[in-house]
Structure formats: C-alpha cells, structure tokens
Amino acid sequence: MAEHRTKVLILGSGPAGCTAAIYAARASLSPILVHGMQPGGQLTITTDVENYPGFAEVIQGPWLMEQMTAQAEHVGTTIITDLIVEVDLSRRPFVAIGDSGDRYVADTLVVATGAQARWLGLDTEKKFQGFGVSACATCDGFFFRGKEVAVIGGGNTAVEEALYLTNHASKVTLIHRRGELRAEKILQKRLFAHPKIEVIWDHVVDAVLGTEAPLGVTGLRLAHAATGAKRELAIDGLFVAIGHTPNTDLFRGKLDMDAEGYLIAKPGSTRTNVPGVFACGDVADKIYRQAVTAAGTGCMAALDAEKFIGHTELPQADAAE
C-alpha cells in the first residue's frame with residue numbers, strides 16, 4: 001500500500017476528468033487522476049464521434065480518449081489505475097482510499113465520475129451498442145438520416161429524444177411498456193401531433209435483431225407486456241431512453257445531490273457544498289450530457305480548484321500530517 005499526496009485529486013478519466021487534469025497540470029498543480037471503473041468514460045464504448053470540435057472527419061471515441069489521456073500525462077498529470085472506494089471529506093486535506101489499499105491525500109478534489117446510461121439488459125442490446133444501438137440521440141441521431149429508428153421509454157427523455165430524431169430519421173417509433181406516458185403533457189401533445197412519430201403501447205423489447213457482417217441493427221422482436229405475444233419491427237437504429245444513473249454512491253451523505261443522485265454545483269461554477277470539492281461532467285449534468293460540455297466543465301473545475309488553492313491555506317495541523 002502506498003500514499004499519494006497532491007494538490008488536486010481527480011476522480012474519473014472521461015472528457016471532464018482529463019480536461020481538468022490538463023488545466024491543473026498546466027497550472028503547475030501536479031494533479032493525480034484516478035481512472036475509476038471505466039477508464040476513458042462513456043466515450044470508450046462510443047464508436048463514431050462526429051460532433052467533437054476540431055475534427056473534420058469522423059473519429060473513434062476510444063481514440064479520442066486515448067489522446068486526451070496522453071495529453072494529460074504529457075503536461076504533467078500522474079495517472080493511476082485504481083477505484084476509489086471510500087472518501088473522507090470532513091476536513092482538509094481530503095483522504096480517499098483506493099480498492100488497491102492505496103491512500104490518496106489531496107488539498108482539493110475534483111469529482112468527474114460521470115453517469116451511466118440505463119440499458120434494457122439484453123445480450124443482443126449489448127452486442128449492437130455502437131452499431132445501431134445508442135443511448136444518446138443528440139450524439140448519434142445524425143448517423144440515421146433518412147432511416148427508420150425506434151426509441152424505448154415513456155418519460156421526458158424518451159419523448160424529447162423521439163422529437164429530436166425526427167430532424168434526421170424518416171420515421172420514429174416510440175415503444176413503451178405501459179398504456180400511457182410519464183412525460184409532461186406539453187411534450188406528449190407535440191409527440192402525438194408529429195407526422196413522423198408512431199407509438200407502440202404495452203410492448204417491451206425481447207431482442208435486438210441484426211446482421212453479423214457488417215454488424216448492424218435491422219429490427220426488433222417485441223413482446224406484448226400482458227400477453228407475451230411476439231411481433232417484429234423493422235428499424236435501422238435503436239435509442240434506449242430509460243434514464244441515466246450518476247456514479248455518486250461514494251458521496252451520499254457527504255455532498256449535496258438532487259433526488260436522482262446528481263451532484264449539485266453552485267450556479268456558474270463547479271463548487272459543491274464542501275469547500276475544496278468540485279463536480280464536473282455528467283456527474284453534475286443531467287441536461288446536456290455531451291463530451292464537449294463535460295470537457296468545458298472539467299476546465300472550470302480545474303480553474304475553480306486553482307483559485308481555491310491560491311486563496312486558502314491548510315490548517316497547520318492538517319498540513320503537517
């Protein structure tokens with residue numbers, strides 16, 4: 001077991017965490033970044049990326065995260081593969097314990113642990129993720145221009161995704177396991193009035209259908225929620241919109257969060273309710289959830305941490321530990 005000391009400890013290695021690391025390192029703060037459960041974040045399971053600024057051609061999500069990680073290291077970030085399982089935010093310096101047993105002592109903490117899309121849990125769904133199955137219409141809708149797609153879900157997110165996809169797809173089918181939607185009435189009114197959208201009620205996805213070479217979605221096998229009767233639906237893409245889960249269990253009872261578990265940052269900043277702890281990326285963003293917005297708030301977190309360090313001195317007793 002080892003002890004690591006740093007001015008800035010960053011948890012999470014997606015676009016938010018890597019950008020925070022780049023800015024903190026360039027400010028000579030010698031940050032430590034701990035990879036966490038999914039090194040590189042959600043972009044590592046994203047194939048084609050066409051909406052990240054600076055690239056005229058389509059790039060691959062894993063490659064983009066490799067570049068961000070390499071840049072963070074190049075400018076002076078120490079990157080450690082570990083999973084933080086415990087944090088003490090009751091006083092500074094903060095202490096985090098890794099699954100490895102290592103101890104991390106930090107003047108400031110940047111939380112960039114992200115959020116995970118909720119999936120249906122089907123083997124066929126997982127097989128086609130990135131090859132016709134997506135959890136982000138804003139990210140991937142452009143790839144389905146003139147094609148037929150389906151959206152799974154019945155809340156605001158599902159309805160908003162379905163409406164957004166009409167800008168690209170020739171037809172959008174919303175599939176819901178119940179006989180009515182949970183979405184706000186104004187969104188439902190827009191959905192039902194849209195000529196490109198059809199709703200299939202009381203059905204669940206039994207399997208995602210597709211081809212092997214090239215790997216791609218061709219349809220769905222649906223099951224009636226009450227009778228179990230099967231039917232098939234021909235589509236080119238599937239968007240799962242049943243919500244996201246922020247990776248914040250570690251901070252329950254320690255940082256303020258909303259009813260869904262997203263960390264709450266003070267407006268116009270990344271500051272949490274604990275001085276010296278900053279939240280950036282999808283862990284605090286349930287609206288935009290884009291790589292570029294995550295990177296932007298990662299920059300903000302590093303600048304906020306730098307300012308905090310410059311204006312705050314550790315109590316002598318703590319600093320001497």
Side-chain angles (χ1 to χ4, degrees), residues 42 115-129 132-210 217-246 248 257-262 264 282 285-290:
Q42 294 186 75
Q116 294 179 324
R118 295 183 196 138
W119 298 97
L120 301 173
L122 302 171
D123 289 341
T124 49
E125 171 195 49
K126 186 175 182 180
K127 175 181 178 179
F128 291 104
Q129 281 179 21
V133 173
S134 171
C136 181
T138 312
C139 310
D140 300 324
F142 187 75
F143 298 112
F144 296 89
R145 299 185 302 279
K147 297 183 179 181
E148 297 189 8
V149 300
V151 176
I152 308 297
N156 284 355
T157 300
V159 173
E160 288 168 351
E161 299 257 287
L163 289 166
Y164 173 80
L165 286 165
T166 60
N167 296 318
H168 303 293
S170 59
K171 180 180 179 182
V172 178
T173 303
L174 181 72
I175 302 166
H176 188 40
R177 59 182 176 174
R178 298 189 177 93
E180 61 181 9
L181 301 175
R182 294 176 287 106
E184 297 170 358
K185 295 300 182 183
I186 189 169
L187 288 175
Q188 292 191 40
K189 185 176 180 180
R190 290 177 57 201
L191 181 92
F192 298 142
H194 204 290
K196 282 189 176 182
I197 298 177
E198 177 184 342
V199 180
I200 296 180
W201 303 104
D202 302 310
H203 277 76
V204 297
V205 178
D206 184 64
V208 180
L209 310 176
V217 171
T218 59
L220 299 175
R221 184 167 67 238
L222 305 177
H224 192 277
T227 67
K230 303 288 196 302
R231 59 178 284 192
E232 291 190 3
L233 175 70
I235 58 165
D236 301 295
L238 172 65
F239 291 85
V240 180
I242 56 176
H244 286 72
T245 302
T248 54
M257 54 184 73
D258 66 13
E260 296 174 72
Y262 288 88
I264 298 173
D282 288 8
D285 173 20
K286 60 183 178 183
I287 299 175
Y288 301 105
R289 290 196 292 259
Q290 300 297 304

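Computed from heavy atoms alone, side chains included, the values below leave out hydrogens, waters and symmetry copies.
For residues 231-241, no residue pair satisfies the salt bridge (Lys or Arg N to Asp or Glu O under 4.0 Å) rule, not counting sequence neighbours. Within the structure, the disulfide bond (SG atoms under 2.5 Å apart) test picks out no pair touching residues 146-202 (sequence neighbours left out). Legend: salt bridge (Lys or Arg N to Asp or Glu O under 4.0 Å) pairs involving residues 151-164, not counting sequence neighbours: none detected.
Note: T124 OG1 to L238 CG = 9.5 Å, rounded to the nearest 0.5 Å.
Evaluation of the ring-ring contact (aromatic ring centres under 6.0 Å, His included) rule for H244 yields no partner, not counting sequence neighbours. Take K127 and apply the side chain to side chain donor-acceptor pair (under 3.5 Å) test, not counting sequence neighbours, and it matches E212. For D202, there are no salt bridge (Lys or Arg N to Asp or Glu O under 4.0 Å) partners two or more places apart in sequence or in a different chain. Scored by the salt bridge (Lys or Arg N to Asp or Glu O under 4.0 Å) test, E198 finds K171 as partners (sequence neighbours excluded). Take Y262 and apply the ring-ring contact (aromatic ring centres under 6.0 Å, His included) test, not counting sequence neighbours, and it matches no residue. The side chain to side chain donor-acceptor pair (under 3.5 Å) test applied to N167 returns no partner, not counting sequence neighbours. Judged as a salt bridge (Lys or Arg N to Asp or Glu O under 4.0 Å), and not counting sequence neighbours, the contacts of R221 are D206. Not counting sequence neighbours, the partners of E260 by the salt bridge (Lys or Arg N to Asp or Glu O under 4.0 Å) test are K286.
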Which donor-acceptor pairs under 3.5 Å do side chains of residues 185-195 form with protein atoms, sequence neighbours excluded?
| residue | atom | partner | partner atom | Å |
| --- | --- | --- | --- | --- |
| Q188 | NE2 | L181 | O | 3.4 |
| Q188 | NE2 | A183 | O | 2.7 |
| H194 | ND1 | K196 | N | 3.1 |
| H194 | NE2 | T166 | OG1 | 3.3 |

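A donor-acceptor pair under 3.5 Å is formed between the side chain of D258 and the backbone N or O of G261.
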V205/E125 under side chain to side chain contact (heavy atoms under 4.5 Å, CB included): CA gap, chis, key distance, verdict: CA-CA 9 Å; V205 178; E125 171 195 49; over 6 Å; no
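Heavy-atom minimum distance, I152 versus A158: O-CB, 4.2 Å.
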